[in-house]
Amino acid sequence: MEKVRTRFAPSPTGYMHIGNLRTALYAYLFAKSQHGDFILRIEDTDRARYVADAVEFIKNTLAAAKIIPDEGPGFGGNFAPYIQSERMDIYKKYAEELVESGHAYRCFCNHGEEKNSAPDDEKKFGGYNRHCRELSPEEIEKNLSEGKPYVIRQKMPLAGETTFFDVLHGNITISNSELEDQILLKSDGMPTYNFANVVDDHLMEVTHIIRGTEFITSTPKHVLLYEFFGWEIPKFIHLAPVMGKAEDGTVSKLSKRHGATSFNDLIEAGYLPEAITNYVALLGWNPKSNQEIFSMPELIEKFSLDGLSNSPSVFDYNKLGWMNGEYFKAMSDEDFAKSAEKFFCGLYENSPEKKNYLAGILKTRVSRFGEIPDMIKFLETMPPLDVELFTNKRNKVTPEKSVAIIEPAVEIFSGIENWTPDELNEKISAFVEKTGLKIGTIMWPLRIALSGQKVTPGGVTEILYLLGKEKSLERLNSGLNFLKNISD
RNA sequence: GGCGCCUUCGUCAAGUGGUUAAGACACCGCCCUCUCACGGCGGGUUCAAGGGUUCGAAUCCCUUAGGCGUCACCA
């Protein structure tokens, strides 16, 4: 059987939309699951959209997502170059071939003039009015000798229809009258996407074209090209788009208004690359089992085309967050601390022990690293106190009672030499027992005085340890002062 | 507008003529608990609408509606 070869063919825009990443992932997974090759090809035929370093950006993003091309710019391969702008002579040659065989023609019409001025009823030609389609050899010669710029257009059949098979959608038929005499080669000598992708996919022996549904309607044009050349037609797999849901409930293609939409945005928000890949893999593909957490090797092993969905799916930040949390929980405290490094904002830079301890507390409490700074702010800066905070009905705590609890607690803490979580726990337990009060009643005022917050990551013991003896006592004492001043 | 694609809980989805219509996220409740989490247990919510075909339809057919895409010297 023929070796499976797929490709990911982005244009170098310096931005990796999550839908694009998913397309790349599926193309990669399919190739690898079939022991085939995955090719990276850069479609940079639009000079106006050239972005510096975009190729490096794409390669870095794929690397971060653990999608490794077998061939491509910088990866080697027998079909180089893999950057379309470096293949211009190839397209030129094939375009000329088509002109020779009568399937394409030179068009000297002025830049979009005819198209734009065409009355509506001429639109039925599909845009261009085909003015140059039947130019006489003399006219062509004349234009050529005058040095008039031209493009090469594909000569579409005037009647009939074109059918192609899509693995996900079955047979799709489009009437040839819908097809424009599209441009194959632009006046600057660059090919258009619709031409270059056909030539390259054939030359690079791509067997399965995996791309977005937005290409369905132009696929008949590609198919016609394959037929003109007498080339074998590859298998098509058109993927449904990734959608976003706006606050008003409307669903549309995932875009900025929905929040982070690129792989990089997501990384910056503090999601793990593995989690993003894992989540995205499941957005439009199901493994036919209830497993949801997959490593890349597992994904490759389990992937199959018939698990692909042909309907659009909405990107759910909630579920991504959950999945990311699953990865967090599976990490060691050390690894979490290391990955979350920059979100700790320099806290405990010189105390790996405390940093790891904090990581252990945080990793079950955040769904992305980006939530960390707000959560740990109080450790660095004490928030202003409010008497209200010292009142808690459920635990029967009042400001007065708080004084009675904090005062002896300060004394006990002052006597602790070995400031460790275990030691602290022991002393607090003894204290609770001695007072005969409920543990919640004791802890409430301490937490407030220590953090200024009703809600904290971890409990009083954890906070005491993280704050350290000096800072803890300082906060407890100023809490005491605060309460005493209030009652005066 | 023409053409094309799509339509099972709020979201991801299983399902291919006979099921109490899985599972997950989210949500709600309870338990655990010094707060918040974690963990455990339980709950509500779904076949776009209307016609057929059939003993029987989420599954097959038709119509309608809605969503999305496409109609570039962009990919």
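Naming convention: chains lettered A, B, ... in sequence-line order (proteins, then strands); numbering from 1 in each chain.
- A donor and an acceptor atom, one from each side chain of A/Ser177 and A/Ser175, are located under 3.5 Å apart.
- With P as the reference atom, B/U33 and B/C28 are 22 Å apart, rounded to whole Å.
- Of the C1' atoms belonging to B/G66 and B/A49, the separation is 10 Å, rounded to the nearest Å.
- Within 4.0 Å of A/Lys329, counting heavy atoms only, lie sugar-phosphate atoms of the nucleic acid but no base atom.
- The base of B/C73 sits within donor-acceptor range of the side chain of A/Ser187, with an N or O pair under 3.5 Å.
- Note: CG (A/Asp181) to P (B/C73) measures 12 Å, nearest angstrom.
- Looking at heavy-atom distances under 4.0 Å, A/Ile183 makes contact with a base.
- Across the C1' atoms, B/C62 and B/A57 are found 15 Å apart, a figure rounded to whole Å.
- For A/Tyr317 and A/Phe315, the ring centers are positioned less than 6.0 Å apart.
- Of the charged side-chain nitrogens involved, none lies within less than 4.0 Å of a carboxylate oxygen, so that A/Lys221 and A/Glu178 do not count as a salt-bridged pair.
- Residue-level contact check: A/Ser313 touches the backbone only, with heavy atoms under 4.0 Å from sugar-phosphate atoms and none from bases.
- When the C1' atom is used for both B/A48 and B/C31, the distance is 40 Å, rounded to whole Å.
- Ring planes of A/Phe236 and A/His238: parallel class, angle under 30° (limits at 30 and 60°).
- Among the atoms of the strands shown, base atoms are found under 4.0 Å from some heavy atom of A/Val460.
- Remark: the separation of the P atoms in B/C6 and B/U63 is 15 Å, to the nearest Å.
- At the heavy-atom level, A/Thr45 lies under 4.0 Å from the strands shown only through sugar-phosphate atoms.
- If you check every strand for non-hydrogen atoms under 4.0 Å, A/Asn286 touches sugar and phosphate atoms only.
- As judged by a 4.0 angstrom heavy-atom cut-off over every strand, A/Phe215 is placed among the base-contacting residues.
- As judged by a 4.0 angstrom heavy-atom cut-off over every strand, A/Gly459 is placed among the base-contacting residues.
- Using a 4.0 Å heavy-atom cutoff across all strands shown, A/Arg394 reaches sugar-phosphate atoms only and no base atom.
- Inspection of the A/Asn395 and A/Asn392 side chains reveals an N or O donor paired with an N or O acceptor under 3.5 Å.
- At a threshold of 4.0 angstrom between heavy atoms, the contacts of A/Met243 are confined to the sugar-phosphate backbone, with no base atom among them.
- Comparing B/C12 with B/U7, their P atoms sit 12 Å apart, to the nearest whole Å.
- Residue A/Asn194 contributes atom CG, which lies 9 Å from atom P of B/C71 at whole-angstrom precision.
- Around atom NZ of A/Lys235, no more than 12 heavy atoms belonging to other residues, nucleotides or ligands sit under 6.0 Å away.
- Remark: A/His169 is in phosphate contact with B/C6, judged by side-chain N or O atoms under 4.0 Å from OP1 or OP2.
- Distance, A/Asp44 CG to B/A75 P: 9 Å, rounded to whole Å.
- Within 4.0 Å (heavy atoms only), A/Val151 reaches at least one base atom of the nucleic acid.
- When heavy atoms are screened at a 4.0 angstrom cut-off, A/Thr461 is found touching base atoms of the nucleic acid.
- When each of B/A72, B/C3, B/U11 is scored by its nearest atom to the side-chain atoms of A/Asp316, the top-ranked nucleotide is B/U11.
- Look at the P atom in both B/C32 and B/C41: the space between them is 15 Å, to the nearest Å.
- Using a 4.0 Å heavy-atom criterion, one finds that A/Gly458 contacts the bases of the nucleic acid, with or without backbone contacts as well.
- For B/A14, its base never sits under 3.5 Å from the side chain of A/Lys288 at any donor and acceptor pair.
- Under the Watson-Crick or G-U wobble criterion, with both distances below 3.5 Å, B/G2 is paired with B/U70.
- The same atom, C1', is picked in B/A24 and in B/A14; the two are 11 Å apart, to the nearest Å.
- Residues A/Asp44 and A/Ser85 bring a donor and an acceptor atom of their side chains to less than 3.5 Å of each other.
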